[in-house]
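Take a look at the structure below.
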Amino acid sequence: MFEQAKRLKILPPYLFAKLDKMKQEAVRKGVDVISFGIGDPDIPTPGHIVRSLQKACANPLHHRYPSYEGMLSFRQAVAGWYRKRFGVKLDPADEVLSLIGAKEGIGHIPLAFIDPGDIVLIPEPGYPVYLAGTVFADGRPYLMPLLEKNGFLPDLSKIPMSVLRHAKMMFLNYPNNPTAAVAPVSFLKDAVRFAKKHGLIVCYDNTYSEMTFEGYKAPSILQIPGAKDVCIEYNSLSKTYNMTGWRIAWACGNREILSGLGKIKTNLDSGVFQAVQEAAITALSSSQECVRNNLKILKERRNVLVNGLKELGWKVSTPKATFYIWARFPSSFPANRRTGEPADHLSSVEMCEKLLSRCGVLATPGNGFGPSGGGFLRFAITVSVKRIREAVARMGKL
Ligand SMILES: *Cc1c(COP(=O)(O)O)cnc(C)c1O
């Protein structure tokens, strides 16, 4: 009876909602599903952060509306963390903005700067919200393919002038979801130079900056001289401290861009529960030992899954960052038991369905993140080593 707006119809179905449905169906049929689907940490938030929230909850000061931009003490904690971690100086007064999760700030930023018809440059495969936010603002998405041969970096020189003339914003995300690729500082320099040349706002999604292995340290784009002229950077407590359910993150960098985003937010939301901000301050300001312990667990899982998949003939490399394994499935995989048709005839979605129905293993189809993700599956290592071994064993029986 009530027809939905066109903007909802042109949006692809939210990938993870669809996966969740598939999983529920399998569970109902009695399948013991091992889910590598959504990137949601299974390990609890560290105890000292939980206790900080518990204490802050009891303070009536925090029961009222928070300030729109976040408590000054939270923004100071972010600035302190950026100085220590990246050597980047931020003015807590207007170069840091609290967010109800990075997703919220990513989804809202196009509303502040994109007029109907303006183009937004979006990496694909990529986090689905870059596209959704663009579509909601009546912007035009231009997809930048992330190809393996380019190290999953977009080839900026391939973007036509006719596109650049109308482009106003570019999203970038490293360490990358879903490919687990990292970007060298030289690429960040190129991106800043490119943005300045073409008058682009750069929205740099650095939500996996702390989820790195073997001594690799992910840079901030704000480290690049002059980056603050054109960039904001998103970071979040979600992945670093296993706090996806808490909904707290921030954007930082260029004050003019942040002020635009802030204007949207003051009209739509009322900030982050202050007790959650207090807990975030605790997370950012105390020992980072909990992060290191978390990484130890993830590293073991990563190694077990990568080695397991390799033994099964999958083409995977060991990622330096994120909790994703971006795996190209082997053409020898028996897609069709009866005809022996190989799997390279399969789309990622079909492969995903086969893995689920035959092995009870759920991974995310690569092309769900964009056409260049075809032929890949994304495994989020949010299950225990024991279950990973079990998943590999089940896949080996095929
Ligand atoms: C998880 C994720 C986010 C969202 O983080 P929240 O702070 O929980 O909203 C943003 N970008 C990428 C690439 C992510 O994987």
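Computed from heavy atoms alone, side chains included, the values below leave out hydrogens, waters and symmetry copies. For ligands, and for the atoms within them, numbers begin at 1 and follow the listed sequence. One is the number of the first residue; the rest follow in order along the sequence.
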Mark the output for [X] as yes if a heavy-atom distance to ligand 1 is under 4.0 Å, and as no if none is.
X: T207; result: yes
X: Y208; result: yes
X: R247; result: yes

Could you identify the single nearest non-hydrogen protein atom to atom 4 (C) of ligand 1 and state the distance to 0.1 Å?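 Among all protein heavy atoms, the one nearest atom 4 (C) of ligand 1 is Y127 OH, 3.4 Å.
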
Are [X] and [Y] linked by a side-chain donor-acceptor pair shorter than 3.5 Å?
X: N242; Y: N294; result: yes
X: S209; Y: N235; result: yes
X: E124; Y: Y130; result: no
X: E278; Y: S52; result: no

Heavy atom under 4.0 Å from ligand 1: found in A102's side chain, backbone, both, or neither?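 Near ligand 1, A102 shows its backbone as well as its side chain.
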
Where's the contact between K239 and ligand 1, heavy-atom distance under 4.0 Å: side chain, backbone, both or neither?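 For K239, only side-chain atoms sit under 4.0 Å from ligand 1.
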
Could you tell me whether some N/O pair between [X] and ligand 1 is separated by less than 3.5 angstrom?
X: N173; answer: no
X: S238; answer: yes
X: T244; answer: no

Residue list, ring pair (Phe, Tyr, Trp, His ring centres under 6.0 Å) with Y241, at least two apart or on another chain: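 Once residues adjacent in sequence are excluded, Y241 has no partner under the ring pair (Phe, Tyr, Trp, His ring centres under 6.0 Å) criterion.
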
For a ring pair (Phe, Tyr, Trp, His ring centres under 6.0 Å) check, start with the C-alpha distance between Y324 and Y208, then their side-chain angles and the critical distance, and finish with the verdict. CA-CA 11 Å; Y324 301 115; Y208 293 93; 5.6 Å; yes

Which of the numbered atoms in ligand 1 are below 4.0 angstrom from a heavy atom of D205?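 By the 4.0 Å cutoff, the relevant atoms are 10 (C), 11 (N), 12 (C), 13 (C).
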
So if I count the atoms of ligand 1 from 1 in the order they appear, which ones are less than 4.0 Å from some heavy atom of S236?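 Those atoms are 6 (P), 7 (O).
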
Evaluate the side-chain proximity of T382 to F323: yes if any heavy-atom separation is below 4.5 Å, no if none is.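 Of all side-chain heavy-atom pairs linking T382 with F323, at least one is under 4.5 Å.
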
Are I201 and M170 packed together at the side-chain level, in the sense that at least one heavy-atom pair is separated by less than 4.5 angstrom?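 Answer no - side chains too far apart.
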
